[in-house]
Amino acid sequence: EYRQAGALEEAEAQCRRALELRPGFPDVRIALARVLLERGAPADAAVELDAVLLARPDLLDAALLRGLAAYLLGDLDAAEIAYKRGLVAD
């Protein structure tokens, strides 16, 4: 996988291509959010994770990553809410 190899630009491009083919597939959107977080773009990651959680509020990975994005953005209240959501999802 490109992300694990540190090729974050290519990983992002691959995820975006996959989303064009399967826009409703949450795993691809979560993978994109991971890449965006690693690239230092937590606001962009939050947008992707919000889309996932809107459709699938039960996804633990999405809730926890959303908490991380909020934390990195300095929004500790939103981070706490997301982490608590993750507890419910689990």
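The structure presented is a predicted model; accordingly, all values stated were derived computationally and were not measured. The residues of the chain are indexed from 1 along the displayed sequence.
By the criterion of side-chain heavy atoms lying less than 4.5 angstrom apart, applied directly or through intervening Ile, Leu, Val, Met, Phe, Trp or Tyr residues, Leu32 is not grouped with Leu8; the two fall into different hydrophobic clusters. In the hydrophobic cluster analysis, where Ile, Leu, Val, Met, Phe, Trp and Tyr join through side-chain heavy atoms closer than 4.5 angstrom, Leu37 is grouped together with Tyr71. Under the 4.5 Å side-chain heavy-atom criterion for Ile, Leu, Val, Met, Phe, Trp and Tyr, Val52 and Ile81 are members of distinct hydrophobic clusters. A single hydrophobic cluster is not seen to contain both Ile30 and Phe25; linkage of ILVMFWY side chains at heavy-atom distances under 4.5 Å, directly or through other members, places them apart. In the hydrophobic cluster analysis, where Ile, Leu, Val, Met, Phe, Trp and Tyr join through side-chain heavy atoms closer than 4.5 angstrom, Leu64 is grouped apart from Val47.
The minimum heavy-atom distance between Val28 and Ala18, with the atom names listed, is CG1-CB, 3.7 Å. Closest approach of Leu73 and Pro42 over heavy atoms only: CD2-CG, 3.8 Å. Smallest separation of non-hydrogen atoms from Ala33 and Ala45: O-CB, 3.6 Å. Here the shortest heavy-atom pairing between Gly67 and Ala79 reads O-CB, 3.4 Å. Considering all non-hydrogen atoms of both residues, Pro26 and Leu59 come closest at CB-CD1, 3.8 Å. Nearest heavy atoms, Leu53 versus Ala63: CD2-N, 3.8 Å.
For Glu12 and Arg16, the salt-bridge test passes: some basic side-chain N is under 4.0 Å from an acidic carboxylate O. Salt bridge Arg34/Asp61: present, at least one basic N to carboxylate O contact under 4.0 Å.
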*asked:* Pair Glu48, Leu19 - check side-chain contact (heavy atoms from CB on, under 4.5 Å), show working.
replied: CA-CA 11 Å; Glu48 299 300 333; Leu19 279 176; 4.3 Å; yes
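Here the side chain of Arg29 pairs a donor or acceptor atom with the backbone of Pro23 at under 3.5 angstrom.
A heavy-atom distance below 4.5 Å is not found between the side chains of Arg85 and Arg66. Inter-residue side-chain proximity for Tyr83 and Leu68 is flagged as met; some heavy-atom pair is nearer than 4.5 Å.
Atom CG of Leu54 is separated from atom CG of Asp50 by 8.5 Å, given to the nearest 0.5 angstrom.
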